Amino acid sequence: MTQVSIGSLSDFPEGTPTRVEADGTALCIVRVGDTVHAICDDCPHAEASLSEGDFLADDMAIECPLHGSAFNLTTGDPDCPPATEAVEVFTVTVDGDSVLVDV
Amino acid sequence: MTIALIAGSGMAGRAAALTLRRVGWTGEIVLVGDDPEYPYDRPPLSKSVVVGTADMSKVIKPAPEVYEQDGIDLRRGVTVTVADASAKTAELSDGSTVAWDALVLATGCAPRQLPIPGLELPGVHRVTRLDEALEIQSVLATGPKHLAIIGGGFIGMEVAAAAVAAGHTATVLEAAPKPMSRPLGPEVAERVLQWAMDRGVVVRAGVGVEQVSGDDIATGVRLVGGEEIDADLMIVAVGQTPRLELAQQLGCEEIVGGIKVDAGMRTSVADVYAVGDIAAFPSKWADEDRIRVEHAAVAIGHGQVAAEQIATGEGRYDDLPSFWSDQGDLTLNVVGVARPDDEIVWRGDHALPACTAFYLREGKMRAAFSVSDMKTLRGVRKLFAAGVSPTPEQLADPAVDLAALAAAG
Ligand SMILES: Cc1cc2nc3c(=O)[nH]c(=O)nc-3n(C[C@H](O)[C@H](O)[C@H](O)COP(=O)(O)OP(=O)(O)OC[C@H]3O[C@@H](n4cnc5c(N)ncnc54)[C@H](O)[C@@H]3O)c2cc1C
Ligand code: FES
């Protein structure tokens with residue numbers, strides 16, 4: 001596992017999923033306040049990029065833009081079909097202004 | 001050692017096997033599939049696989065080593081030929097006999113056979129198995145082709161849309177006057193058809209195919225009335241019928257064309273479960289006593305519940321049924337149980353890029369159909385979960401927040 005810098009806090013607008021590549025892994029990044037979440041950008045169900053989906057603040061989840069499974073940002077679990085598998089969740093460290101992800 | 005035998009390694013059978021271990025079953029798991037491939041998802045076959053854009057690690061899943069790690073005895077390319085309820089045994093085509101304590105029937109469907117001459121010619125394809133989809137992929141990879149697709153259901157329309165989006169041309173031939181009317185109702189089906197045609201798919205509805213033309217290789221089809229349609233390849237997607245042979249040997253009760261089960265996926269025969277496409281199951285979301293649906297998410301849910309029942313004696317399937325269909329750049333999502341004669345209420349205008357239609361029966365919302373309208377779809381799921389059915393006026397008005405209605409109860 002390596003810790004990779006993916007930018008500074010201001011690169012990630014509040015509640016707006018953003019796709020970044022970290023060490024060859026495509027991530028979907030969402031900032032909520034001073035906390036930054038990172039999940040795999042690739043929907044485990046089919047061929048969708050989760051960063052193109054919506055952030056659901058009430059559920060703390062990202063909704064897949066294709067078939068609507070919403071993945072919890074902490075557990076990675078989908079809340080409804082068709083996805084049945086969890087998406088990988090990555091550990092994020094915010095150090096001052098810089099955002100680091102363990103990939 | 002207790003043994004759970006699963007007949008059929010498709011979407012429901014695979015889910016049952018994987019779930020058994022997850023819920024702590026320590027007995028043996030024997031997963032038998034007549035398909036020689038490792039278990040795979042079927043939906044991508046008619047979408048990304050035929051045109052070669054699929055990430056195969058998401059089609060064939062889980063990774064093959066998972067079966068070994070989980071201690072699942074996966075027998076690929078093997079058929080369960082005989083099942084006996086009183087001896088609790090099954091005979092397999094590899095010559096072995098399995099003495100089971102629990103038996104899960106997950107045999108899915110077989111493609112419907114049409115009495116059309118020429119269907120056996122090379123150049124005529126099906127898209128129900130991975131090897132068949134890969135065959136189509138290898139033909140389409142050699143350059144632009146014209147496809148004649150016999151059958152205008154979801155699968156035929158998906159192949160047509162994917163092929164056209166990839167630079168091929170496609171003509172869909174459908175016997176019914178209004179393709180997709182049964183699952184979507186005539187009004188919504190007409191929209192979906194129009195969108196496909198707007199994208200360049202040629203649809204000929206209400207036509208009969210008399211024969212596949214060609215001597216050594218199929219060169220096209222001849223319609224009733226004599227018209228010839230030339231094609232580089234033909235795809236037959238005319239529906240399917242449940243494979244009930246094993247269930248019938250066991251003496252399982254049948255209803256609505258499938259095997260009757262309770263909410264725990266138990267058949268009328270002790271320790272025998274039926275899941276997926278073959279299961280006729282009770283659903284609080286339907287008016288009928290039992291329904292049978294051929295959709296992936298339902299099959300997976302069934303498999304999971306059967307596994308829980310076997311391992312723990314608990315678990316009920318009462319999910320809101322749902323399915324999706326990707327047709328080129330269009331993604332259709334349907335939640336709930338729609339009937340073709342339901343009343344349709346559109347939310348706002350029924351124009352792309354995003355729209356939703358609701359299915360109402362006796363004034364109550366029974367299902368929703370949505371294209372790229374995720375917010376409404378989520379609201380609909382919340383309404384169903386809360387047991388709230390808004391008025392037709394509320395449903396029709398895009399300014400009404402459905403999730404808020406659900407929360408208000
Ligand atoms: C091309 C295609 C596209 C689809 N697209 C969608 C979609 O977009 N959305 C959606 O919701 N659903 C879709 N579906 C439907 C969905 O895939 C099925 O509902 C689901 O696969 C059913 O699961 P099952 O396990 O019941 O059957 P299957 O997945 O068909 O598996 C049954 C397996 O059992 C095997 N078998 C049968 N008898 C025996 C025996 N005696 N011994 C050993 N093995 C046996 C069969 O060979 C098969 O491998 C699609 C289906 C197809 C074919
Ligand atoms: S691709 Fe994400 S839910 Fe289907």
Side-chain angles (χ1 to χ4, degrees), chain A residues 14-19 21-28 30 32 37 39-90 103, chain B residues 11 14-15 18-19 22 41 43-44 47-49 51 53-59 61-62 66 162 295-304 319-326 329-335 354 368 370-382 384-385 403-404 406-407:
Chain A
E14 168 90 26
T16 306
T18 312
R19 181 187 160 103
E21 295 266 346
D23 218 24
T25 306
L27 302 173
C28 167
V30 198
V32 186
H37 298 272
I39 58 175
C40 178
D41 189 49
D42 204 10
C43 182
H45 174 241
E47 321 272 340
S49 167
L50 291 176
S51 53
E52 288 168 22
D54 289 331
F55 167 61
L56 308 176
D58 291 347
D59 308 288
M60 279 301 281
I62 298 288
E63 180 184 61
C64 176
L66 275 189
H67 312 116
S69 293
F71 298 89
N72 185 284
L73 286 169
T74 313
T75 63
D77 289 331
D79 72 331
C80 67
T84 50
E85 297 146 84
V87 71
E88 193 176 352
V89 178
F90 296 88
V103 286
Chain B
M11 300 195 69
R14 174 187 62 183
L18 295 170
T19 306
R22 267 219 316 277
D41 275 6
K47 306 170 179 75
S48 51
V49 175
V51 291
T53 56
D55 170 353
M56 291 310 285
S57 71
K58 283 188 167 177
V59 178
K61 63 184 183 190
V66 169
H295 296 311
V298 176
I300 292 173
H302 282 179
Q304 291 170 337
D319 290 3
L320 176 67
S322 64
F323 71 93
W324 78 99
S325 170
D326 304 332
D329 63 333
L330 284 186
T331 294
L332 322 179
N333 283 295
V334 176
V335 298
S370 144
V371 180
S372 307
D373 186 2
M374 304 318 284
K375 185 154 184 266
T376 304
L377 191 67
R378 183 144 293 271
V380 168
R381 284 188 182 279
K382 291 194 165 151
F384 276 121

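Everything quoted here is computed from the prediction, not taken from an experiment. Heavy atoms only: backbone and side chains are in, while hydrogens, waters and symmetry mates are out. Just so we're on the same page: letters track the sequence lines, and every chain starts at 1.
Interface remark: B:Ala15 contributes no atoms to any contact with chain A (heavy atom separation under 4.5 Å). When heavy atoms are compared at a cutoff of 4.5 Å, A:Ala83 does not approach chain B at all.
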So which N and O atoms of chain A and chain B form donor-acceptor pairs under 3.5 Å?
unit_1	atom_1	unit_2	atom_2	d
A:Asp42	OD1	B:Lys58	NZ	2.9
A:Cys43	O	B:Lys58	NZ	2.6
A:Pro44	O	B:Lys61	NZ	3.1
A:Ala46	O	B:Lys58	NZ	2.5
A:Glu47	OE2	B:Asp55	N	3.3
A:Glu63	OE2	B:Arg378	NE	2.5
A:Leu66	O	B:Asn333	ND2	3.0
A:His67	NE2	B:Asp326	OD1	2.8
A:His67	NE2	B:Asp326	OD2	3.4
A:Gly68	O	B:Arg378	NH2	2.8
A:Asp79	OD2	B:Arg378	NH1	2.9
A:Pro81	O	B:Arg381	NH2	3.3
A:Glu85	OE2	B:Lys61	NZ	3.4

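Residues A:Pro82 and B:Ala297 approach most closely at CA-CB, 4.5 Å, considering heavy atoms.
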